[in-house]
Amino acid sequence: MSRTRIKICGLTREQDVEAAVAAGVDALGFVFYRPSPRFVELERAAQLSKLVPPFVTIVGLFVNPEPSIVRAALTHVPLHLLQFHGDEEEGFCRQFERPYLKAIRMRPGVDLIHSEASFASAQGLLVDAFVDGFGGGGQAFDWSLIPSDLTRPIVLSGGLCAGNVEEAIRRVRPAAVDVSSGVESAKGIKDARKIAEFVAGVRNADG
Ligand SMILES: O=C(O)c1ccccc1NCC(=O)[C@H](O)[C@H](O)COP(=O)(O)O
């Protein structure tokens with residue numbers, strides 16, 4: 001079994017990017033959704049990206065964006081991966097001809113097998129709790145809603161923290177985990193100790 005990849009989302013500060021990189025995470029997410037408390041301007045994301053070494057993936061997160069917003073982000077920030085966290089359809093996500101994750105907000109009745117088929121062009125599905133404000137709510141969802149026979153990579157998110165990530169990985173066996181609130185001291189302010197503890201939890205689960 002390959003190791004579980006780790007993405008930290010919602011970075012806004014240099015010291016947090018440095019702490020995440022030092023802890024050995026695989027991906028860092030910048031939120032380009034203006035209503036979010038973790039929103040960063042493109043120029044800020046470009047500055048922060050300069051601290052990211054090779055082989056760490058830079059992810060740009062959008063919620064129902066105008067295409068011009070995504071294109072501007074691709075021009076100004078060295079994004080490796082797009083993350084669509086709203087109600088975007090497959091044709092919309094695909095138009096940028098870049099690898100992308102589609103977030104699926106989980107609640108009873110959501111059919112992930114159908115989502116897999118609907119987003120065949122996605123690099124993977126990111127499964128998150130259904131919260132007001134689209135994401136970053138620090139709430140977990142019922143992991144038993146995730147079928148065991150999915151064929152595409154799953155990124156598990158929603159309310160993960162050092163205290164539950166081991167159990168989450170053992171139960172869901174995702175390709176990757178994604179966390180924001182669980183490694184913060186306040187919205188948009190990451191905590192280096194919580195990041196290190198979260199990474200240790202993932203490593204423990206991987207054995
Ligand atoms: O972070 C936000 O404020 C946000 C706003 C709108 C859509 C998505 C957003 N964040 C996504 C994430 O940080 C994670 O992918 C995911 O929602 C998990 O967040 P959390 O439960 O806080 O760990």
Side-chain angles (χ1 to χ4, degrees), residues 4-13 16-17 19-20 23 25-41 44-45 48 57-66 69-70 73 79-88 92-93 99-107 110 112 115 119 122-143 145-146 153-169 172 174-191 194-195 197-199 201-202:
T4 308
R5 277 14 188 212
I6 304 170
K7 171 172 168 268
I8 308 277
C9 200
L11 292 137
T12 63
R13 306 190 306 168
D16 298 343
V17 171
V25 309
D26 301 283
L28 301 174
F30 296 123
V31 175
F32 299 123
Y33 176 52
R34 211 165 263 281
S36 166
R38 303 173 180 103
F39 169 78
V40 282
E41 300 283 357
R44 183 87 186 113
L48 294 172
T57 301
I58 303 173
V59 183
L61 185 151
F62 304 87
V63 177
N64 300 327
E66 289 297 326
I69 300 284
V70 180
L79 299 178
H80 304 116
L81 185 64
L82 306 176
Q83 178 175 329
F84 293 107
H85 221 99
D87 308 309
E88 304 86 356
F92 179 91
C93 301
Y100 76 90
L101 292 174
K102 180 67 187 84
I104 307 293
R105 296 181 296 139
M106 296 299 295
R107 56 180 169 179
V110 172
L112 276 181
S115 303
F119 289 95
Q123 201 175 52
L125 296 181
L126 183 149
V127 288
D128 195 3
F130 195 102
V131 294
D132 289 341
F134 289 98
Q139 285 180 40
F141 65 94
D142 178 1
W143 300 326
L145 294 172
I146 304 174
I154 286 292
V155 181
L156 181 64
S157 74
L160 296 177
C161 62
N164 66 9
V165 72
E166 286 188 54
E167 186 195 350
I169 290 172
V172 177
V177 289
D178 181 20
V179 62
S180 187
S181 308
V183 294
E184 287 181 336
S185 56
K187 285 189 188 296
I189 307 297
K190 303 305 189 214
D191 178 314
K194 289 183 183 179
I195 292 174
E197 288 172 356
F198 186 84
V199 171
V202 176

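Counting starts at 1 for both ligands and their atoms, following the listed order.
In Arg13, the CZ atom is crowded: over 12 heavy atoms of neighbouring residues, nucleotides or ligands sit closer than 6.0 Å.
Ile146 is listed as a side-chain neighbour of Leu156, based on a closest heavy-atom distance under 4.5 Å. A 4.5 Å side-chain heavy-atom check between Asp26 and Ile6 finds at least one atom pair inside the cut-off. Contact annotation: the side chain of Phe39 approaches that of Glu41 to within less than 4.5 Å [non-hydrogen atoms, C-beta and beyond]. You'll find the side chain of Phe30 stays beyond 4.5 Å of the side chain of Val59, heavy atoms only. Here the side chains of Val25 and Val199 are in contact, with some heavy-atom distance below 4.5 Å. A heavy-atom distance below 4.5 Å is found between the side chains of Tyr100 and Phe84.
For ligand 1, the polar-atom distance check finds an N/O of Asp178 within less than 3.5 Å of one of the ligand's N/O atoms. The shortest N or O to N or O distance between Ser157 and ligand 1 is not below 3.5 Å. Some N or O of Gly159 is nearer than 3.5 Å to an N or O of ligand 1, by distance alone. Annotation: Tyr33 places no N or O atom under 3.5 Å from an N or O atom of ligand 1; distance criterion only. Between Leu126 and ligand 1, a contact under 3.5 Å exists for no N or O pair.
Side-chain atoms of Lys190 and Ser180 form a donor-acceptor pair, as typed in the model, at a separation below 3.5 Å.
In the vicinity of Gln83, heavy-atom distances shorter than 4.0 Å reach the ligand 1 atoms 15 (O). Within ligand 1, the atoms closer than 4.0 Å to a non-hydrogen atom of Val63 are 6 (C), 7 (C), numbered from 1 in the order shown. The Ser181 neighbourhood of ligand 1 comprises atoms 20 (P), 22 (O), 23 (O), with distances under 4.0 Å to a heavy atom of that residue. The contact set between ligand 1 and Asp128, taken as ligand atoms under 4.0 Å from a residue heavy atom, comprises 16 (C), 17 (O), 18 (C). Within ligand 1, the atoms closer than 4.0 Å to a non-hydrogen atom of Phe134 are 6 (C), 7 (C), numbered from 1 in the order shown.
Of all protein heavy atoms, the one closest to atom 2 (C) of ligand 1 is Arg38 NH1, 3.3 Å. Considering only non-hydrogen protein atoms, atom 19 (O) of ligand 1 sits nearest to Gly136 CA, 3.4 Å. Nearest to atom 3 (O) of ligand 1 among the protein's heavy atoms is Ser36 OG, 2.6 Å. For atom 6 (C) of ligand 1, the nearest protein heavy atom (residue, atom name, distance) is Gly133 O, 3.3 Å. Gly135 C, 3.5 Å is the protein heavy atom nearest to atom 9 (C) of ligand 1. The nearest protein atom to atom 12 (C) of ligand 1, hydrogens excluded, is given as Cys9 SG, 3.8 Å; this is a heavy-atom distance. Gly158 N, 3.6 Å is the protein heavy atom nearest to atom 18 (C) of ligand 1.
Between the choices Gly138, Gly10, Ser180, the shortest heavy-atom distance to atom 13 (O) of ligand 1 belongs to Ser180.
Ring pair Tyr33/Phe134 is perpendicular by interplanar angle, where above 60° counts as perpendicular and below 30° as parallel.
The backbone N or O of Val63 lies less than 3.5 Å from no partner atom in the side chain of His85, so there is not a single donor-acceptor pair. Remark: the backbone N or O of Val127 is paired with a side-chain donor or acceptor of Ser157 at under 3.5 angstrom.
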